[in-house]
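In what follows, chains carry the letters A, B, and so on, assigned in the order in which the sequence lines appear, proteins first and then strands, with residues in each chain numbered from 1.
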Protein chains: 2
Amino acid sequence: MTAPIQDFAVEQLRKHGYKLTQARWAVILTLAESPSPLAINDLYQQARAHAPDLGLVTVYRTLEILDSLKLVRPVHLMEDYHGYALATPGHTHHVVCQRCKSVVEIEGCDISPFLDRVREETGFHITGHWLELEGICPNCRTKDSGRAEPA
Amino acid sequence: MTAPIQDFAVEQLRKHGYKLTQARWAVILTLAESPSPLAINDLYQQARAHAPDLGLVTVYRTLEILDSLKLVRPVHLMEDYHGYALATPGHTHHVVCQRCKSVVEIEGCDISPFLDRVREETGFHITGHWLELEGICPNCRTKDSGRAEPA
DNA sequence: ACTCTAAATGAAAAACTTTTTCATTTAGAT
DNA sequence: ATCTAAATGAAAAAGTTTTTCATTTAGAGT
């Protein structure tokens, strides 16, 4: 079993000289526990379960740090929703379930044939990409028209 | 030579029963003329060159319509910037130049080998994706450390 | 275990963004 | 030219994010 993702986040935080405060722990834990990306306000609400007098400002500030350390990644959906999910370091992507909004992180991705084509057609030198996938998770697929609303 | 992209937008607007007002024309033209995706406020400022007493509210409202008709697409960059670019219908992506922020639309994309892998690994049934590419455009590449700042 | 201090916090205010409301104007059908 | 529903801009309201500042806290040094 690999180390929980929140441990990595905490380790990195420390490594970069940030203190591990209750507020930060609450935010990290909430993100780690959440099956789906959390919009800032939801993150705030849920994190208060772990740290009752957490302030919204602190959530902003913590996300800012986590983002700068690449420990969290914004997840945009095709429709409206926009939230954050914890991410392991390196180049990863997320698949989000349309129905229940749960996210799964995907390591690596090989879309080089496509990138080659773009390079040829546009003359751009491609330096990076951002890919988000949307689908239906196995769970929602079986329980076909079942429940499965997230918090 | 294919029809200018703004003509298509106007045609669609009409087809859906929207009036072609000065304000809307200014917004569409500004987007069409812009080499790079425009954040809402920049769009507003620039569009006022075509319609001096345009209001910001109208820019919001126009974008809302254009978005609902899929005539415009939000473009997120890895770093901060977030703006809108006119898009032809159907499934397309954008490549954005890191240096000068110019965008080029890319038609079609075949990343199915990758999608197959994700399907296998996660069990998700993939229904859609959102891909954005970042790179250096031919222009910025040749004029190596040259200028090339957009508006 | 206790002390100390820079870093972090929450509350309030300020700044900024987006949406709503409403009286006036305009596109375009007749 | 006339008419009317749709669209507009200005102002207000609602919502989001950032700044400021006095208080609290993590954790290094003792």
Legend entry - Side-chain donor or acceptor of A:Thr58 paired with backbone N/O of A:Leu54 under 3.5 Å: no
Legend entry - For A:Gly108 against A:His93, the heavy-atom pair lying closest together: O-CD2, 4.5 Å
Inset, instruction - Identify whether any heavy atom of B:Asp53 sits under 4.0 Å from a base atom; if not, whether one sits that close to sugar-phosphate; answer base, sugar-phosphate or nothing. - result: sugar-phosphate
Inset, instruction - Calculate the interatomic distance between B:Arg14 atom CZ and C:dG28 atom C1'; express it in whole Å. - result: 9 Å
Legend entry - Of residues 15-27 of chain B, the positions that come close to DNA chain D - non-hydrogen atoms, cut-off under 4.0 Å: B:Tyr18, B:Lys19, B:Thr21, B:Ala23, B:Arg24
Legend entry - hydrophobic_cluster_shared for B:Leu69 and B:Leu86, side chain cutoff 4.5 Å: yes
Inset, instruction - Using both distances under 3.5 Å as the test, list the Watson-Crick or G-U wobble partner of C:dA23, or none. - result: D:dT8
Polar pairs (N or O, both sides) under 3.5 Å between protein and nucleotides 19-24 of chain C?
none

Legend entry - A:Val72: which of A:Leu31, A:Ile65, A:Thr62 passes side-chain contact (heavy atoms from CB on, under 4.5 Å): A:Leu31
Inset, instruction - Measure the distance from CG on A:Asn41 to C1' on D:dT17 and round it to the nearest whole Å. - result: 12 Å
Inset, instruction - Could you pull out the closest heavy-atom pair between B:His94 and B:Ala87, with the gap in Å? - result: CE1-CB, 4.3 Å
Inset, instruction - Give a yes or no on whether the backbone of B:Val103 and the side-chain of B:Ser36 come within a donor-acceptor separation of less than 3.5 Å. - result: no
Inset, instruction - Please test B:His129 against B:His91 for ring pair (Phe, Tyr, Trp, His ring centres under 6.0 Å), starting from the C-alpha separation and ending with a verdict. - result: CA-CA 10 Å; B:His129 64 266; B:His91 184 81; 4.6 Å; yes
Inset, instruction - Quickly work out the A:His50 NE2 to C:dT9 P distance and round it to whole Å. - result: 17 Å
Legend entry - Nearest-0.5 Å distance, CG of residue A:Leu66 to CG of residue A:Leu13: 6.5 Å
Inset, instruction - Calculate the interatomic distance between B:Arg48 atom CZ and D:dT8 atom C1'; express it in whole Å. - result: 13 Å
Legend entry - Heavy-atom pair of closest approach, residues B:Val96 and A:Phe124: C-CE2, 3.8 Å
Inset, instruction - Could you tell me the separation between the CG atom of A:Leu63 and the P atom of C:dA8, rounded to a whole number of Å? - result: 15 Å
Legend entry - Nearest-Å distance for atom pair CG/P, residues B:Leu54 and C:dT25: 17 Å
